[in-house]
Amino acid sequence: MAHPLGTFLAQSAKTAVKRSREGWGVLLKKGPSQVQFWFIALFVGIASGFAALLFRKGIEWLQSTVYGTENINRLHSFAETLPWYVIFITPIIGGLLVGLLLDHFTKDARVGGPADVIGGAALNNGRVDVKEGFVSALASLITLSSGGSTGREGPVVHLAGAISSWVSDRIHANGITGRDLMGCAVAAAVSASFNAPIAGALFALEVVLRHFAIHAFAPIVIASVAGTVISRLEFGNVTEFVLPVESAFTFYQELPAFLLLGAVCGIVAVAFMWVIFWAEDMAEQVMLHAKLKRWMRPMISGAMLGALAIFFPHIIGVGYETTSAALTGELVLQEAIVFVFLKVIAVAVTVAGRMGGGVFSPALMIGALTGLSFGLIAIPVFPEVSGSETLYALAGMGGVAAAVLGAPISTTLIVFELTGDWQTGLAVMVTVSISTALGTRLVDRSYFLTQLERRNLHVAAGPQAYLLATVKAATLMKEVDPHKGATEAACWELIEKGVYADRNTTLETMMPLFESAGIAFVPVVSIGGEGQSTKLLGAVHHVDALKAFSNALCETAAEEHS
């Protein structure tokens with residue numbers, strides 16, 4: 001009789017040998033293709049990192065040329081010394097150039113941004129329009145160099161999405177590969193913009209792909225590191241903002257104050273987003289009723305920005321000088337509060353005018369000013385249990401930005417990597433968690449997802465909502481089959497009642513037809529032009545629609561858990 005211990009060891013050895021052979025087989029079969037994909041991811045990361053670097057250097061060069069300053073980090077201080085007409089005319093000229101550019105090279109004269117990238121990842125197999133991506137980047141470059149009050153990170157994300165889309169088209173990538181490459185490109189671009197490799201990788205997963213699949217992690221990290229290396233070769237291993245001293249967070253009694261600050265930041269972030277959307281709707285009404293040409297829209301916004309900048313040059317450009325002043329406590333309470341309102345108005349005017357640029361840097365500025373204001377009020381009231389006002393500014397910066405992006409994890413890390421201050425983790429995390437919990441419930445999860453919702457793209461609700469829009473009738477249509485009840489007579493009877501679809505109709509429109517009409521199929525027709533008759537092409541059966549939807553959900557779940 002064999003000894004139990006010997007049997008156990010023999011079985012363990014056999015299992016180890018078997019698994020080693022299986023692992024070796026998988027390595028031989030899938031390893032080369034996986035390594036090849038990682039090299040493609042590295043290439044996409046390098047290209048996107050250089051694109052982000054060139055975009056930033058282009059803004060610096062053009063700003064210094066237009067305004068005549070040698071230090072663009074002190075742009076608003078220098079602008080105070082310029083003649084008023086230079087401040088006024090510059091954004092008007094920039095708006096005119098942007099308007100003409102968008103009018104000639106885009107379908108809707110709109111600048112793309114991260115929302116388009118998120119939509120492309122969810123609905124278009126990881127693709128965005130390549131031409132519009134580069135045109136939007138050029139428009140944003142002009143905007144940010146001529147007085148527009150937005151940020152550079154949004155355009156860089158869109159530009160990275162265009163680069164990855166071009167590569168995906170060249171290699172005929174499927175949906176999963178296209179989305180992974182888009183995540184790689186975005187991670188590299190964000191990392192190069194902020195010198196933040198950890199936050200760049202998590203931003204791509206949290207905001208763009210909206211899942212944390214293991215299979216996507218390695219290539220995205222590779223691309224993120226590549227983007228960071230490119231940034232550091234040019235700018236060195238330095239943080240974007242330099243704090244005067246290391247912030248101290250000593251008293252746990254101060255935690256309730258950061259809970260309250262998180263609520264304030266959530267409210268400010270929501271108000272910021274609502275003002276932008278209201279301004280966009282108002283601009284649409286003005287354009288419609290005044291019957292203005294669409295190329296005039298950015299120029300009109302430029303005039304409004306120029307008039308405001310004459311008195312408050314702080315609104316010009318990205319606003320890092322004012323953000324740094326808030327983080328170092330160089331502003332008084334009245335200045336901090338006034339600058340919050342001014343920046344919100346300036347960003348709303350810029351975005352509503354379709355001038356280009358992103359909202360992340362403005363959110364950082366507004367958050368830092370909000371946190372500073374909160375600290376300047378709270379510290380005199382509770383001096384025994386309060387830290388420095390700069391700590392509140394740092395936490396507020398993360399709180400507002402996280403609520404705007406709907407990305408608490410990557411935003412928290414971006415704040416740490418922007419400042420190099422890792423000792424204030426509790427304060428920032430508490431503020432970010434409360435602001436995000438509040439802000440994401442008052443909009444559709446984030447600024448970008450609300451943008452998509454306003455375009456009737458239901459990405460915020462999850463795959464069960466947006467996947468219906470990815471399946472067209474043409475892919476499910478079958479010939480008219482009397483044996484399944486879809487006789488030609490029955491189809492025409494439904495068509496006469498107005499129940500039908502064309503080839504491009506998606507399940508998002510068709511599923512409610514099945515439910516409301518209580519029918520087993522929907523006729524698919526080709527509607528002819530003037531003098532041409534409508535043709536019956538086939539029918540989509542309810543059971544086929546349900547199968548297609550189920551398969552799409554299964555594929556999405558498999559991708560997210562792979």
Side-chain angles (χ1 to χ4, degrees), residues 59 62-63 66 85-116 119 128-129 131-152 154-155 158-159 272-310 312 315-319 342-359 361-362 447-448 450-457:
I59 293 173
L62 200 52
Q63 272 188 342
V66 170
Y85 53 84
V86 173
I87 302 298
F88 179 66
I89 293 175
T90 300
I92 297 177
I93 297 174
L96 175 61
L97 293 175
V98 168
L100 294 174
L101 181 67
L102 296 176
D103 185 54
H104 282 82
F105 295 103
T106 63
K107 298 175 183 177
D108 54 4
R110 180 181 60 83
V111 178
D116 299 272
V128 296
D129 188 286
K131 185 185 77 171
E132 291 189 1
F134 286 99
V135 171
S136 294
L138 180 57
S140 297
L141 175 68
I142 297 171
T143 296
L144 291 168
S145 303
S146 59
S149 191
T150 46
R152 65 171 182 258
H158 193 212
L159 179 59
F272 175 48
M273 291 183 276
W274 281 354
V275 169
I276 293 176
F277 295 136
W278 177 86
E280 287 186 308
D281 293 338
M282 177 61 72
E284 289 290 341
Q285 293 299 317
V286 170
M287 294 293 294
L288 179 63
H289 291 291
K291 297 181 180 179
L292 299 173
K293 300 292 185 181
R294 64 182 193 175
W295 59 266
M296 300 174 65
R297 185 167 174 171
M299 184 176 64
I300 295 171
S301 291
M304 297 171 66
L305 288 171
L308 187 60
I310 292 173
F312 302 101
I315 69 166
I316 296 175
V318 175
L342 289 174
K343 189 63 176 180
V344 169
I345 293 171
V347 174
V349 170
T350 307
V351 175
R354 296 184 174 178
M355 294 185 70
V359 297
S361 292
Y447 173 76
F448 306 130
T450 304
Q451 280 185 306
L452 293 174
E453 190 68 30
R454 284 163 58 85
R455 301 173 198 170
N456 204 32
L457 300 175

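Model, not experiment: these values are computed from the prediction. We number each residue from 1, following the sequence as shown.
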Above 12 or not: heavy atoms from other molecules or residues under 6.0 Å from CE of Met287?
-> yes

For Arg454, all residues meeting salt bridge (charged side-chain N to carboxylate O under 4.0 Å, His left out), sequence neighbours excluded | Glu280, Asp281

Nearest heavy-atom approach of Ile316 to Gly147 is CG2-CA, 3.9 Å

In chain order, what residues pass the side chain to side chain contact (heavy atoms under 4.5 Å, CB included) check against Ile92, with sequence neighbours excluded?
-> Phe88, Met299, Ala303

Once you round to the nearest 0.5 Å, how far does CZ of Arg297 lie from CD of Glu284?
-> 4.5 Å

Here the pair of heavy atoms bringing Ile142 nearest to Ser146 is O-OG, 2.6 Å

Heavy-atom pair of closest approach, residues Val275 and Ala348 = CG1-CB, 3.8 Å

From CG (Leu102) to CD (Glu132), nearest 0.5 Å = 9.5 Å

Would you please name every residue forming a side-chain hydrogen bond (donor to acceptor under 3.5 Å, both in side chains) with Ser301, sequence neighbours left out?
-> none

In Å, rounded to the nearest 0.5 Å, how long is the span from OG of Ser140 to CD1 of Ile59?
-> 8.0 Å

Which pair of non-hydrogen atoms, one from Ala346 and one from Leu308, has the smallest distance, and what is that distance?
-> CB-CD2, 4.3 Å

Distance-minimising heavy-atom pair for Pro298 and Gly95 | CB-O, 3.2 Å

Mind checking salt bridge (charged side-chain N to carboxylate O under 4.0 Å, His left out) for Arg110 and listing every partner two or more places apart, or none if nothing turns up?
-> Asp108, Asp116

Taking only residues two or more places apart in sequence, or in another chain, which ones meet Phe277 in a ring pair (Phe, Tyr, Trp, His ring centres under 6.0 Å)?
-> Tyr447

Check Gly317 against Lys343 and note the closest heavy-atom contact, atom names and distance.
-> O-NZ, 3.2 Å

Say you draw a straight line from CG of Leu292 to CD1 of Ile300; how long is it, rounded to the nearest 0.5 Å?
-> 5.0 Å

With distance as the sole test, does Thr350 use its side chain to make a donor-acceptor pair with the main-chain N or O of Gly148 at under 3.5 Å?
-> no

With sequence neighbours excluded, residues passing ring pair (Phe, Tyr, Trp, His ring centres under 6.0 Å) with Phe272 | none

Separation between CD1 (Ile89) and CG (Leu96), nearest 0.5 Å, reads 12.5 Å

Output for pair (Leu141 CG, Ser136 OG), nearest 0.5 Å, gives 12.5 Å

